Amino acid sequence: MKPERPYFLDNKGNVRFLIYIFHALCFVLFAADFVLHRHSYHPLEEIPAFYALFGFLAFSVIILGAAMLRKLVMRPEDYYEAPEEISND
């Protein structure tokens, strides 16, 4: 059996590097929102960082909605197990 080769994301240093790159990209896009001119169609779109705030709000609503929906549709752990008293004698 061959030894398993290490993958790129198995190294914590590589994961940390990708997270730093992601944060830098987010910061650059956030800063560009204050510098670049946008052609907005609605007055709310002219608020600085509107899309970042709107995305965060939408994400939060989805997560909170999923948590409430889970309470509504959750079943007990043994819901699909067959009852033990039934036998084919």
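All values below were derived from every heavy atom in this structure, side-chain atoms included, with hydrogens, water molecules and symmetry-related copies excluded. Quick caveat: nothing in here was measured; it's all calculated off a predicted structure.
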| field | Pairwise distance CZ(Phe50) to CG(Leu53) - rounded to 0.5 angstrom | value | 8.5 Å
| said: To the closest 0.5 Å, what do you measure between CD (Glu45) and OH (Tyr51)? | reply: 3.0 Å
| field | Residue pair Met68, Leu72: steps toward the side-chain contact (heavy atoms from CB on, under 4.5 Å) verdict | value | CA-CA 7 Å; Met68 288 188 281; Leu72 180 68; over 6 Å; no
| Residue pair Leu9 / Leu18: nearest heavy atoms and the distance that separates them | CD2-CD1, 3.5 Å
| message | What's the separation between atom CZ in Arg16 and atom CG in Asn11, rounded to the nearest 0.5 Å? | response | 9.0 Å
| field | Non-hydrogen atoms of Ile47 and Arg38 that approach each other most closely | value | O-NH2, 3.6 Å
| query | Just by modelled atom types, is the Pro48 backbone N or O under 3.5 Å from a matching donor or acceptor in the Asp33 side chain? | reply | no
| query | Hey, quick one: are Leu44 and Phe54 part of the same hydrophobic cluster, counting side-chain heavy atoms closer than 4.5 Å, chains of contacts allowed? | reply | yes
| query | What distance do Asp10 atom CG and Arg5 atom CZ have between them, rounded to the nearest 0.5 Å? | reply | 9.5 Å
| field | More than 12 heavy atoms from other groups under 6.0 Å of CZ on Phe34 | value | yes
